[in-house]
Amino acid sequence: MTEADRIRLDPSWKALLQEEFTKDYMLSLREFLRQEKRQGKQVFPPGEQIFSALNSTPFETVKVVILGQDPYHGPGQAHGLCFSVRPGVPLPPSLRNIFKEIHSDIGLPMSRNGCLQSWADQGVLLLNAVLTVEAGKAASHQGCGWEQFTDRIIELLNEQRQDLVFLLWGSHAQRKGRIIDRQRHLVLQSPHPSPLSASRGFFGNRHFSQTNDWLQKRGRTPIDWSVD
């Protein structure tokens, strides 16, 4: 059995990404993560949840892609979906601002539940550019290989799917989304929902209603953005 065979990954994604797991960058990344754990470092999210975004939203069901940067680095927060936290965990500031914009845009009440699993189940791929992080150290696993892996995911969606909506919040996501063909897909951009930038254009971007308008015009079921 190869290393790729051992990875628990949705079959639709596994068929498309199997080759990536044999490449040098991924072998180096795997060894890096092993070394981190050997040194007693805590890595988030837990191993079985690293690929939760892909396992929650099979390739053929993706309607919308939201790109995050890297997982939350606080204990009990990250569970493999960008911007999402486990049920019962206090809302991080960026997620609170996302809910504020949803309330302003489409009138849904502010949610106290920060778990976005229901979005993923409806076809919203909640993909971080980097899929792991060391506890307490934001961005600590950037530049270790995950970016190449997630670039490939975006390439596959761009090339093999049609009429997706990509929500690119902040310069990091927008750089990563440069390869997206705007003739095939809807790309919506704004500042990041972080408290540092939300007031510069994230608030009022109306991305949630625009996404649903786009989907409905193409005969597809809109996203229910409520969480509670």
Does some side-chain heavy atom of [Y] sit less than 4.5 Å from a side-chain heavy atom of [X]?
X      : Y      : answer
Val130 : Phe149 : no
Phe202 : Ile98  : yes
Leu95  : Tyr72  : yes
Ser52  : Asn55  : no
Leu164 : Leu186 : no
Thr57  : Gln122 : no
Leu29  : Phe32  : yes
Leu215 : Val64  : yes

Enumerate the salt bridge (charged side-chain N to carboxylate O under 4.0 Å, His left out) contacts for [range], please, sequence neighbours excluded, ordered by first and then second residue.
range            : result
residues 115-134 : Glu134-Lys137
residues 60-73   : none
residues 196-217 : Asp105-Arg206

Contacts of [X] that satisfy side-chain hydrogen bond (donor to acceptor under 3.5 Å, both in side chains) - sequence neighbours left out:
X      : result
Glu48  : none
Gln49  : Arg86
Gln35  : Glu31
His141 : Glu36, Thr132

Taking atom [atom1] of [X] and atom [atom2] of [Y], what is their separation to the nearest 0.5 Å?
X      : Y      : atom1 : atom2 : value
Lys100 : Ser111 : NZ    : OG    : 14.0 Å
Leu157 : Gln160 : CG    : CD    : 8.5 Å
Leu167 : Asn205 : CG    : CG    : 8.0 Å
Arg8   : Leu54  : CZ    : CG    : 14.5 Å
Asn97  : Ser197 : CG    : OG    : 8.5 Å
Ile179 : Ile154 : CD1   : CD1   : 6.0 Å

message = Side chains of Gln117 and Ser84 only: does a donor on one sit below 3.5 Å from an acceptor on the other?
response =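 The answer is no; no qualifying pair exists.
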
query = Can Asp10 and Ser12 be counted as having a side-chain donor-acceptor contact under 3.5 angstrom?
reply =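 Indeed, the side chains of Asp10 and Ser12 share at least one donor-acceptor pair under 3.5 Å.
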
query = Which one of Phe51, Phe21, Phe59 satisfies the ring-ring contact (aromatic ring centres under 6.0 Å, His included) criterion with Trp13?
reply =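 Only match with Trp13 under ring-ring contact (aromatic ring centres under 6.0 Å, His included): Phe59.
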
message = Counting only heavy atoms from other residues, nucleotides and ligands, does the tally under 6.0 Å from CZ of Arg218 exceed 12?
response =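 Above 12, so yes.
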
key: Flag if over 12 foreign heavy atoms under 6.0 Å of CD, Glu155   =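 More than 12 heavy atoms, drawn from other residues, nucleotides or ligands, come within 6.0 Å of this atom.
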
If the condition is side chain to side chain contact (heavy atoms under 4.5 Å, CB included), which residues does [X] pass it with, not counting sequence neighbours?
X      : value
Arg184 : Gln162, Asp181
His73  : Val133, Ala138
Ser171 : Arg175
Pro75  : Phe44

ask   = Just one of Ile66, Ile153, Leu67 clears the side chain to side chain contact (heavy atoms under 4.5 Å, CB included) bar with Leu125, so which one?
value =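 Single side chain to side chain contact (heavy atoms under 4.5 Å, CB included) partner of Leu125 among Ile66, Ile153, Leu67: Ile153.
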
query = Mind checking whether Ile223 and Phe166 sit in one hydrophobic cluster, side chains of I, L, V, M, F, W, Y counted as touching below 4.5 Å?
reply =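 Cluster IDs for Ile223 and Phe166 differ.
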
query = Between Leu126 and Val65, is there a shared hydrophobic cluster once you connect ILVMFWY residues whose side-chain heavy atoms come closer than 4.5 Å?
reply =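 No; Val65 is not reachable from Leu126 via cluster members.
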
Chi angles and distances behind the side-chain contact (heavy atoms from CB on, under 4.5 Å) call for Phe83, Ser94 = CA-CA 7 Å; Phe83 293 107; Ser94 292; 4.2 Å; yes

query = Where do Leu116 and Val227 come nearest, in terms of heavy atoms and distance?
reply =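 Here Leu116 and Val227 meet closest at CD2-CG2, 4.0 Å.
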
message = Show the nearest heavy-atom pair for residues Leu27 and Thr22, with the distance to one decimal.
response =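 Result for this residue pair: CD1-O, 3.8 Å.
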
Evaluation steps, side-chain contact (heavy atoms from CB on, under 4.5 Å), between Gln210 and Leu188 = CA-CA 9 Å; Gln210 289 185 68; Leu188 299 176; 3.5 Å; yes

inquiry  = If the condition is salt bridge (charged side-chain N to carboxylate O under 4.0 Å, His left out), which residues does Arg182 pass it with, not counting sequence neighbours?
reply    =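 Partners of Arg182 by the salt bridge (charged side-chain N to carboxylate O under 4.0 Å, His left out) criterion come out as none, since no residue qualifies.
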
Ring geometry between Trp119 and Trp225 (parallel below 30°, tilted from 30 to 60°, perpendicular above 60°) =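 Trp225 and Trp119: perpendicular rings.
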
Option from Glu20, Gln148, Arg30 for which side chain to side chain donor-acceptor pair (under 3.5 Å) with Tyr25 holds =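 Checked Glu20, Gln148, Arg30 against Tyr25; only one passes side chain to side chain donor-acceptor pair (under 3.5 Å): Glu20.
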
query = So, for Phe208 and His103, is the gap between ring centers shorter than 6.0 Å?
reply =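 No, too far apart.
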
query = Hey, is the main chain of Arg34 close enough, under 3.5 Å, to the side chain of Gln39 for a donor-acceptor pair?
reply =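 No; judged by distance alone, with no hydrogens or angles, the pair does not exist.
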
request  = Check for a donor-acceptor pair, side chain of Lys14 on one end and backbone N or O of Ile7 on the other, with a separation under 3.5 Å.
outcome  =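 It does hold such a pair.
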
